[in-house]
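Right, one structure below, let's go through it.
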Amino acid sequence: MAQGLTEHNVLNKGVCIAMDVNTGAIKAMVVSPGYNLNDPYKLSPEAQAAVDALPEKEQSKAEGEALSAMWRNKAVADSYMPGSVFKMCTASMALEEGKVTDSSTFVCGGSMVVGDKTIHCHALGGHGGQTFVQAVCNSCNPAFIQIGQLVGLNKFRDYYQGFGFADKSGIDLPGESDDMFWEEGAMSDVDFAVASFGQNFGITPIQMITACAAVSNGGYVLQPYVVSKITDSKGNVIKSVEKNVKRQVISKATSDKMNEILGYNTEQAGATSGYVAGYKVAGKTGTSEKIGVVKKQSTFEEDYIASFCGYAPADDPQIAMLVFFDTPSGGAYYGSQVASPVFINIMTEVLPYLEIKTNYSEEDLKYLDTSAGDYTGLSTEEAVSKAEADGFTVKIKGSGSKVISQIPGVSSKVSAGGSIVLYTDNDSKQETVTVPSFKDYTAAEANSVAGQYDLNASFKGAISSGGKCIAQDIKEGDTVPPGTVITLTFSASSDAGFND
């Protein structure tokens, strides 16, 4: 999350929540940038400088406001416009009500007139004729306006309440905010049209991840919780939190169909929509305009929230995650460019931890990390034989007959087919190479450049579908030993097709 904030110059923090979709347990929650829990009254240098710059009589009040803002848990205390991630709920409503099937068709000409407003699609040229499944994958606003109209305003409100958006989630954390929705009878045709694709109303992140879990888990809206049990000083459990099902909002059949559709969406969109190598992931991007914001803070024409909400495995959901960044002001603002790579990076580590079975494609295997073995203490012949058997190319440095050290080190993560440098004397260990810039390279290009410089690359993020390198953990110009692993993070390229 911190890297995402830096890469995209995010002005108003970011939020990530991970939930067990079958219990409602919150496995992780972060608001970034955060603060030191061991020193909660220490402001950031920037905030402190702003307070110090004020007249002395104003500083005390300003400091209190700055501390409150720093402590505020944006994941539960702030509402935001969900944008296109909400389409998973609208689509679920239409399926549950029998208003659509896989083959239902919708036409998009690039915009749609509702009342006195022309509402545009992100694809200005339009998507033309498309099936329901294609409309979801295209994230087509005109199609979702039509889908919402099929559901009908009253049923839409019923499902909005059913998914839990109209009430606080009741999570065991302080300061939870209410949603911001139209009073009954107050929605115009235009309001209803934009609501169908997640715009012009506010919900909290905890409400969105709870609804996402319901879409995935058979339709069950669960009580989210952080504390699983309370123990006394001797370790005796005095209270346990049990799974609490509030209601079933959609049927298992509808949930299964949504898992299939959202999984297909991620598979087809790849880097732009949360694809994690080796796993079946379901999800939806979101890019929402911050309507009602008086001051435009970002470098773009409007201020945006970039988000991604998804879960895995698509065929047996276990973990759901919401990532959103409030007001990116760098080179991009689409959820597919800003939030999706962070979702991918985190899920890439979470899914193996959960011991979810993998199924890699041939393309995935090209950039899959593997662990370096221990080749030290062996003769050069034995070390070379062992390293090559492990799938590495080998470079020998020095004139000795036995390996005294190696780079990358034992258990280091190296991309498949990477190189191991084996040192046989101390003099050879003094050699260094200069790290190049990998910015804007595709994975294939970066791999080639790393090899030319006697370096290894480890790949994170959107490496498929033409993703481009946006960050490297060792900066250009640094000198490092040959064989050093450079971790590269990839994002959907700026010329990729976005479906936000």
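Just so you know, these numbers use all the heavy atoms, side chains as well, and skip hydrogens, waters and symmetry mates. Fair warning: this is a prediction, and the values are worked out from it, not measured in the lab. The chain is numbered in sequence order, starting from 1.
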Q | Chi angles and distances behind the side-chain hydrogen bond (donor to acceptor under 3.5 Å, both in side chains) call for Tyr160, Asp179 | A | CA-CA 11 Å; Tyr160 179 88; Asp179 71 316; 2.7 Å; yes
**Q.** Derivation of the salt bridge (charged side-chain N to carboxylate O under 4.0 Å, His left out) call for Asp326 and Lys290
**A.** CA-CA 9 Å; Asp326 190 341; Lys290 294 179 67 175; 2.7 Å; yes
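- Around atom NZ of Lys74, more than 12 heavy atoms belonging to other residues, nucleotides or ligands sit under 6.0 Å away.
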(Q) Working note: Glu96 + Ser251, criterion side-chain contact (heavy atoms from CB on, under 4.5 Å); need CA distance, chi angles, decisive distance, verdict. (A) CA-CA 7 Å; Glu96 184 68 15; Ser251 65; 3.0 Å; yes
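- Considering only heavy atoms from C-beta on, Val100 comes within 4.5 Å of Phe106 through its side chain.
- Looking at residues two or more places apart in sequence or on another chain, you find a side chain to side chain contact (heavy atoms under 4.5 Å, CB included) between Gln199 and Met81, Val194, Phe197, Ser288, Glu289, Ile291.
- Phe144 contributes atom CZ, which lies 6.5 Å from atom OG1 of Thr90 (distance to the nearest 0.5 angstrom).
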(Q) Please evaluate residues Ser415 and Ser458 with respect to the criterion side-chain contact (heavy atoms from CB on, under 4.5 Å), reporting the C-alpha separation (whole Å), side-chain torsions for both, the decisive distance (0.1 Å), and the verdict. (A) CA-CA 5 Å; Ser415 63; Ser458 178; 5.9 Å; no
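- At most 12 non-hydrogen atoms from other residues, nucleotides or ligands lie less than 6.0 angstrom from CG of Asp189.
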**Q.** Step-by-step side-chain hydrogen bond (donor to acceptor under 3.5 Å, both in side chains) determination, Asn345 to Thr348
**A.** CA-CA 5 Å; Asn345 284 348; Thr348 298; 5.3 Å; no
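- Although no hydrogens or angles enter the test, the distance criterion places a donor-acceptor pair under 3.5 Å between the side chain of Asp473 and the main chain of Thr487.
- The aromatic ring centres of Phe181 and Phe165 sit 6.0 Å or more apart.
- Contact annotation: the side chain of Met321 never approaches that of Ile17 to less than 4.5 Å [non-hydrogen atoms, C-beta and beyond].
- The two residues Val15 and Ala75 have their closest heavy-atom pair at CG1-CB, 3.8 Å.
- The salt bridge (Lys or Arg N to Asp or Glu O under 4.0 Å) test applied to Arg247 returns no partner, not counting sequence neighbours.
- Interatomic distance, NZ of Lys27 versus OH of Tyr353, reported as 8.0 Å (0.5 Å rounding).
- Aromatic ring orientation, Phe163 versus Tyr159: tilted (interplanar angle from 30° to 60°).
- Note: Lys280 NZ to Glu260 CD = 10.5 Å, rounded to the nearest 0.5 Å.
- Between Ala214 and Ser255 the shortest heavy-atom distance is O-OG, 4.3 Å.
- The two atoms that bring Gly162 and Val221 nearest to each other are O-CG2, 3.4 Å, heavy atoms only.
- In terms of heavy atoms, Gly335 sits closest to Thr285 at C-CG2, 4.4 Å.
- One finds the CE atom of Met93 at 14.0 Å from the NZ atom of Lys99 (value rounded to the nearest 0.5 Å).
- Within the 4.5 Å cutoff, no side-chain heavy atoms of Asn9 are placed close to those of Pro328.
- For Thr327 and Asn12, the side-chain atoms include at least one donor-acceptor pair closer than 3.5 Å.
- Counting heavy atoms from C-beta on, the side chains of Met29 and Cys16 never come closer than 4.5 Å.
- Separating the CD1 atom in Ile206 from the CD1 atom in Ile171 is a distance of 3.5 Å, to the nearest 0.5 Å.
- Contact of the Pro224 side chain with the Ile26 side chain is registered, since non-hydrogen atoms from C-beta on lie closer than 4.5 Å.
- With hydrogens and angles disregarded, a donor-acceptor distance shorter than 3.5 Å links the side chain of Gln146 to the backbone of Val107.
- When only modelled atom types and interatomic distance are considered, Lys87 and Ser84 share a side-chain donor-acceptor pair under 3.5 Å.
- Of the possible polar contacts, none joining the Ser448 side chain to the Ala444 backbone as a donor-acceptor pair under 3.5 Å is found.
- Between the NZ atom in Lys468 and the CD atom in Glu445 there is a gap of 7.0 Å [rounded to 0.5 Å].
- Residues Tyr35 and Leu67 fail the side-chain proximity criterion, which asks for heavy atoms closer than 4.5 Å.
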Q: Determine, stepwise, if the pair Gln130 / Asn138 fulfils side-chain hydrogen bond (donor to acceptor under 3.5 Å, both in side chains).
A: CA-CA 9 Å; Gln130 57 195 322; Asn138 290 334; 2.8 Å; yes
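- A centroid separation of less than 6.0 Å is found between the aromatic rings of Phe201 and Phe86.
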Q. Would Lys284 and Ser139 satisfy side-chain hydrogen bond (donor to acceptor under 3.5 Å, both in side chains), going step by step from the backbone distance to the final call?
A. CA-CA 9 Å; Lys284 189 72 196 69; Ser139 197; 2.9 Å; yes
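- Between Val215 and Val249 the shortest side-chain heavy-atom distance does not fall below 4.5 Å.
- Within a 6.0 Å sphere centred on CZ of Phe156, other residues, nucleotides and ligands contribute more than 12 heavy atoms.
- Checked by atom type, the side-chain pair Ser169/Gln207 shows no donor-acceptor distance below 3.5 Å.
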Q) What's the verdict on side-chain contact (heavy atoms from CB on, under 4.5 Å) for Thr23 and Leu222, showing C-alpha distance, side-chain angles and the deciding distance? A) CA-CA 7 Å; Thr23 66; Leu222 302 172; 5.5 Å; no
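- Enclosure of atom NZ in Lys42 is not indicated, since only 12 or fewer non-hydrogen atoms of other residues, nucleotides or ligands lie within 6.0 angstrom.
- For Val133, the side chain to side chain contact (heavy atoms under 4.5 Å, CB included) criterion is met by Asp102, Thr131, Cys137, Ile261, Tyr264, not counting sequence neighbours.
- Side-chain atoms of Thr287 and Ile305, non-hydrogen and from C-beta on, never get closer than 4.5 Å to each other.
- With 3.5 Å as the limit, one finds no donor-acceptor pair spanning the side chains of Gln318 and Tyr311.
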Q) Run the side-chain contact (heavy atoms from CB on, under 4.5 Å) check on Met180 and Ile203 step by step: do they pass? A) CA-CA 6 Å; Met180 295 186 294; Ile203 58 175; over 6 Å; no
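- Each of Tyr275, Phe308, Phe324 was checked for a side chain to side chain contact (heavy atoms under 4.5 Å, CB included) with Phe343, and the lone residue meeting it is Phe308.
- Across all non-hydrogen atoms, the minimal contact from Gly170 to Glu176 is N-OE1, 3.1 Å.
- Within the 3.5 Å criterion, the main-chain N or O of Gln337 finds no donor-acceptor partner in the side chain of Ser340.
- Aromatic ring centroids of Tyr41 and Trp71 lie under 6.0 Å apart.
- Of all heavy-atom pairs between Val21 and Asn217, the closest is O-ND2, 2.8 Å.
- Side-chain N or O atoms of Asn259 include none that pairs as donor or acceptor with a backbone N or O of Pro317 at under 3.5 Å.
- Within the 3.5 Å criterion, the main-chain N or O of Ala193 finds a donor-acceptor partner in the side chain of Ser196.
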